[in-house]
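Note that the coordinates shown come from a computational prediction; the quantities given were computed from them, not determined experimentally. Values below: every heavy atom of this structure, side chains too, minus hydrogens, waters and symmetry copies.
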Amino acid sequence: MERIPILKMGEFLLVTIQVDMHDRLAMTLQEDLTNRISQTGAHGVLIDISALDMVDSFIGRMMGNISSMSRVLDAETVVVGMQPAVAITLVELGLTLSGVRTALNVEKGMNLLRASVESTRQERADAGRES
């Protein structure tokens, strides 16, 4: 069965989608990614979709679901490298991808994840001092 590799980079997981996504592969990625977050305790997930030329409504919803599931598992998700045609398609399909943060490239996405994780840590530390 075809699988998308999930790499661990410190406290983050990196997913680079280099193949055309189909429904079954998206479902497998969702399951693999939630398992890896749980196993590793990762605090962030960066999904690089720069190789995707097109998405359909199912794949768009799956990206939103992955982000929501990651958040429940205490990990932020950032999607990077979205091609203009993909962005146009998502908007035309009416998919807002609520909760999905985006960045133009991997470097900006990693910076966004680091800032988000640091902000969460600071909020937790402040809450701990108040109690």
Side-chain angles (χ1 to χ4, degrees):
M1 173 189 283
E2 187 177 26
R3 285 191 136 65
I4 295 174
I6 301 170
L7 306 174
K8 186 166 185 335
M9 295 180 59
E11 61 186 329
F12 303 129
L13 298 177
L14 174 62
V15 178
T16 303
I17 301 172
Q18 297 290 322
V19 296
D20 286 334
M21 288 290 283
H22 51 81
D23 295 358
R24 181 79 183 134
L25 184 57
M27 294 291 292
T28 301
L29 174 60
Q30 177 180 284
E31 186 175 326
D32 290 349
L33 191 52
T34 52
N35 285 333
R36 283 295 298 276
I37 293 168
S38 180
Q39 292 166 356
T40 64
H43 292 292
V45 176
L46 187 127
I47 303 174
D48 181 1
I49 63 168
S50 57
L52 286 184
D53 295 337
M54 132 179 51
V55 295
D56 60 16
S57 60
F58 182 78
I59 301 302
R61 281 194 313 274
M62 290 304 295
M63 283 195 286
N65 289 348
I66 286 170
S67 179
S68 296
M69 290 174 193
S70 297
R71 216 174 11 266
V72 168
L73 294 170
D74 197 28
E76 294 292 323
T77 302
V78 175
V79 174
V80 302
M82 189 177 300
Q83 299 291 330
V86 171
I88 290 167
T89 300
L90 291 173
V91 170
E92 286 176 348
L93 291 171
L95 296 173
T96 59
L97 298 181
S98 61
V100 177
R101 300 177 79 184
T102 60
L104 289 176
N105 57 44
V106 171
E107 181 181 0
K108 290 181 180 189
M110 282 298 214
N111 289 339
L112 192 58
L113 276 178
R114 284 186 196 105
S116 179
V117 167
E118 185 56 39
S119 173
T120 300
R121 282 190 183 123
Q122 187 61 47
E123 289 171 9
R124 289 178 181 163
D126 291 345
R129 280 192 288 265
E130 291 174 5
S131 29

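V79 and L7 fall into different hydrophobic clusters, where Ile, Leu, Val, Met, Phe, Trp and Tyr are joined by side-chain heavy atoms under 4.5 Å apart, directly or via other members. Under the 4.5 Å side-chain heavy-atom criterion for Ile, Leu, Val, Met, Phe, Trp and Tyr, I4 and M82 are members of the same hydrophobic cluster. Hydrophobic clustering (side-chain heavy atoms under 4.5 Å, transitive across Ile, Leu, Val, Met, Phe, Trp, Tyr) groups M62 together with L93. L104 and V78 fall into different hydrophobic clusters, where Ile, Leu, Val, Met, Phe, Trp and Tyr side chains are chained together by heavy-atom contacts under 4.5 Å. Note on V19: it does not cluster hydrophobically with M54, by side-chain heavy-atom contacts below 4.5 Å among ILVMFWY residues.
Counting only distance, with no hydrogens or angles, the side chain of R36 and the backbone of I6 share a donor-acceptor pair below 3.5 Å. One N or O on the side chain of S68 and one on the backbone of G64 form a donor-acceptor pair closer than 3.5 Å. No donor-acceptor pair under 3.5 Å is formed between the side chain of S38 and the backbone N or O of T34. No donor-acceptor distance shorter than 3.5 angstrom exists from the side chain of K108 to the backbone of M110, with no hydrogens or angles considered.
D32 is linked by a salt bridge (charged side-chain N to carboxylate O under 4.0 Å, His left out) to R3, counting only residues two or more places apart in sequence or in another chain. E11 meets the side-chain contact (heavy atoms from CB on, under 4.5 Å) test with H43, V117, R121; sequence neighbours excluded.
Closest non-hydrogen pair, D53 versus A85, comes out as O-CB, 4.1 Å. Of all non-hydrogen atoms in R101 and L112, the two that sit nearest each other are NH2-CD1, 3.2 Å. Annotation for V45 and S70: closest pair CG2-OG, 4.2 Å, computed over non-hydrogen atoms. Residues A75 and I37 share a closest heavy-atom pair of CB-CG2, 4.0 Å.
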From CA spacing to verdict: side chain to side chain contact (heavy atoms under 4.5 Å, CB included), L95, M63
CA-CA 10 Å; L95 296 173; M63 283 195 286; over 6 Å; no
Would you please test I66 and V15 for side chain to side chain contact (heavy atoms under 4.5 Å, CB included) and show each step?
CA-CA 12 Å; I66 286 170; V15 178; over 6 Å; no
Carefully, step by step, assess D23 and D56 under the rule side chain to side chain contact (heavy atoms under 4.5 Å, CB included).
CA-CA 9 Å; D23 295 358; D56 60 16; 4.0 Å; yes
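In this structure, I88 and V91 have side chains that are not in contact, with every pair of non-hydrogen atoms separated by 4.5 Å or more. Between I47 and T16 the shortest side-chain heavy-atom distance does not fall below 4.5 Å. The shortest side-chain heavy-atom distance between F12 and E76 does not fall under the 4.5 Å cut-off. At a threshold of 4.5 Å between non-hydrogen side-chain atoms, the residues T77 and V100 do not count as touching. Using a 4.5 Å cut-off on side-chain heavy atoms (C-beta onward), S50 and V80 make no contact. Side-chain contact between M21 and L29 is present, with at least one heavy-atom pair separated by less than 4.5 Å. The shortest distance between side-chain heavy atoms of S67 and R71 falls below 4.5 Å.
In this model, no donor atom of one side chain and acceptor atom of the other lie less than 3.5 Å apart for T28 and R24. Residues E107 and N111 have side chains that never bring a donor and an acceptor to within less than 3.5 angstrom of each other.
Taken to the nearest 0.5 Å, the CD atom of Q18 stands 12.0 Å off from the CD1 atom of I49. Remark: N65 CG to F58 CZ distance equals 8.0 Å, nearest 0.5 Å. L25 CG to I59 CD1: the interatomic distance, rounded to the nearest 0.5 Å, is 7.5 Å. Between the CD1 atom of I17 and the CG atom of L52 there is a distance of 5.5 Å, given to the nearest 0.5 Å.
Other residues, nucleotides and ligands contribute only 12 or fewer heavy atoms inside 6.0 Å of the CG atom of D20.
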